[in-house]
Amino acid sequence: MAPEVSPRRARAVLVALSLAAFAFITTELLPVGLLTHIAPDLDRSRSQVGLLVSGYAVVVVLASVPLARLTQRIPRRHLLGGTMLLFAAANATAALASTYTVLAGSRLATALAQALFWSVATATVTGPFPVAVRGRVVALFATGATLAPVLGVPLGTWLGQHAGWRTAFAVLAGVGLAIAAAVLVFLPSYPPAAGGAARGTAPNGRRFTLLLVATALGIGGFMTLQTYVTPFLLDVSGFADAVLAPLLFASGAAGVVGTLAAARTLDTRPIASLLTPLSIGTASLFGLYALGALRPGAVALLAGIGLAYAAFGSAVQSRMLQLAPGSTDIASAGVSTAFNAGIAGGSLLGGVLLSTSGARPLALVGGLLTLAALTLLAVDAWRASAAPVSNAARPCADPATTRPVTPAPDGDAVPR
C-alpha cells in the first residue's frame, strides 16, 4: 500500500522533480549553445564538441533499462537525492575541466544520472496523487523539460557568452545541489514497490511494446526535421539569420502550450491524447514540405510541430503508467530508451538527407515517420475497441488496491 503523503508535500515533490527535469535537459543541450566557446578553449573542433550531445543520448539509450533494474529496490528518496548529487558533482567537474577528456567524462556521468532519473521520476512524482489526475501531473512534470530549450539553454548560453562557459556549468551544479536538498526533505522514504504508481493501472505487454515502437518512430520523425531546422528555415523558407532565435523560441513556446493543453485530456481521453498530437505533427510536417517557402505558413507550421512534439511526449509518459506490464520504473526506462533511440535515429537520418538531398525532404521524411506511428496507434486503438472484454481474461488483483473504472470516451478504461 502506498504511504499517505499530504497534498502540499506531493506538490513540493512535483515542483522539485520538474525543476530537475529542466536542469537535466538544459545540461544535455547546453554544449550546442556554447559550442563556439568550448571548442577553442579546449583546442578541439566543433564537431568533437558536438559529440558531447550525441554521445550523451547514446549513453542514455544504453544505460536506462540496466540502471533501472539495478536500483529497483532502493528507496526513491535516497536514489533521486543521490542522482541529483551526482548531477551536481558532474557539472562541477565540467566547470573545472582542463581537457576535453575530463569534460567528456563529466558528460558521461551526467548522462548516467539522467538515464536513472527518467527511469524512476515519472512513477515517483505521480505516486502520491490520485489515479484520476495522474495524467495531469505527468503533464505538469513534463513542463520542466519543455521549458528547458525555451529558457534554460538560452539563459545558459547567454551566461556562458558573458561569464565564460564554465560558469554556466557551475551554476547548474549549484542548481543540482538545491534540488537534491529539496528531494531529500520532501520526498518520503519507502520501498519502491509501495509507491502508488509502482504498477500499471491496465497492464498490457503487447500494447506497451507497440507504444515503444510508435514512440521511437514518432520522435524519430520529429527529430529528422528539428535537428536540422535551422538549415531548413535558411535554405527553404529564406529567413535571415537574425530571426532564427525568435522562430525557435516561438516553436519552444508552442511546446509549452502543447504540454499544458495535454494536461486537460490525458486522464479522460488517453488514446486521443496520443493520436491528436501525432495528427497535428504529421499535418504540420507535410505542410512544411509543401509550403515551407511561404514564410507566414512556415512560422505557423513550425509552431504546430513544437506543440505536437511536446504534447506527444507527455501523452506517452502518461500512457506508460497505464500499460506498464510490470514495474513502472522498468517501463519508464523503456520509454526513455525509445525516446532517445528516436532522437539519435532521427538526427542520423536527417544528417544523411541533408547532405544528399538538401533540407526540404527533411519535413517529408519526418512526416512519413510520424504517420507510421499514428497508424500503428490508431489501428491498435481500433482493435482494442472492437475486441470484447473478457472478465475471465483479466488478472486477479488485490481487492484492497483495486479501483473501479469506467470506460473513457475513446474506449480505454480510466480509473474514477
Side-chain angles (χ1 to χ4, degrees), residues 1-2 61 63-74 76 115-116 118-127 131-132 134-135 137-138 191-219 266-267 270-271 273-275 312-342 373 376-405 407-408 410-415:
M1 179 179 294
V61 169
S64 293
V65 173
L67 286 177
R69 292 189 180 279
L70 285 172
T71 60
Q72 57 186 327
R73 296 183 183 276
I74 301 176
R76 290 334 184 203
L116 187 53
W118 285 111
S119 298
V120 302
T122 302
T124 301
V125 79
T126 55
V131 173
R134 284 181 184 165
V137 173
V138 168
R199 292 290 185 273
T201 56
N204 189 309
R206 182 192 65 80
R207 300 191 75 184
F208 176 70
T209 300
L210 190 145
L211 177 68
L212 294 182
V213 174
T215 298
L217 285 172
I219 297 301
L266 290 175
D267 294 303
I271 296 299
S273 297
L274 283 169
L275 299 184
F312 178 63
S314 296
V316 169
Q317 290 288 344
S318 179
R319 190 63 172 150
M320 176 276 296
L321 292 173
Q322 298 168 350
L323 296 181
S327 163
T328 50
D329 288 346
I330 303 300
S332 185
V335 167
S336 178
T337 299
F339 257 88
N340 283 277
L376 279 177
L377 292 174
V379 170
D380 177 64
W382 176 80
R383 289 176 58 186
S385 63
V389 178
S390 171
N391 288 330
R394 293 177 179 172
C396 295
D398 181 355
T401 60
T402 302
R403 298 180 185 229
V405 297
D410 51 14
D412 274 88
V414 177

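Numbers for residues simply follow the sequence, beginning at 1. Treat the numbers as computed from the prediction; the structure is a model and nothing was measured.
In terms of the salt bridge (Lys or Arg N to Asp or Glu O under 4.0 Å) criterion, residue partners of R206 (sequence neighbours excluded) are, by chain and number, D380. Residues meeting the side chain to side chain contact (heavy atoms under 4.5 Å, CB included) test with S332, sequence neighbours left out: T122, Q317, M320.
Nearest heavy atom pair, residue L266 against residue A315, reads CD2-CA, 3.5 Å. The nearest pair of heavy atoms linking L217 to A373 is CB-CB, 4.0 Å. Smallest separation of non-hydrogen atoms from W118 and S336: CB-OG, 4.0 Å.
Summarising the geometry, atom CG belonging to L116 is positioned 8.0 Å from atom CD1 belonging to I74; distances are rounded to the nearest 0.5 Å. Atoms CG and CG, on L376 and L274 in that order, are 12.0 Å from each other to the nearest 0.5 Å. We find the OG-CG distance between S273 and D267 to be 8.5 Å, quoted to the nearest 0.5 Å. L211 CG to L323 CG: the interatomic distance, rounded to the nearest 0.5 Å, is 6.5 Å. Atom OG of S119 is separated from atom CD of Q72 by 11.0 Å, given to the nearest 0.5 angstrom. Distance OG1/T215 to CG/L377: 7.5 Å, rounded to 0.5 Å.
Residues I271 and W382 fail the side-chain proximity criterion, which asks for heavy atoms closer than 4.5 Å. Contact of the I219 side chain with the F312 side chain is registered, since non-hydrogen atoms from C-beta on lie closer than 4.5 Å.
Side-chain atoms of R207 do not come within 3.5 Å of backbone N or O of G205 as any donor-acceptor pair. Without hydrogens or angle criteria, S64 side chain to V61 main chain gives no donor-acceptor distance under 3.5 Å. A donor-acceptor distance shorter than 3.5 angstrom exists from the side chain of T71 to the backbone of L67, with no hydrogens or angles considered.
Using a 3.5 Å distance cut-off with no hydrogens or angles, the side chains of Q322 and R319 do pair a donor with an acceptor.
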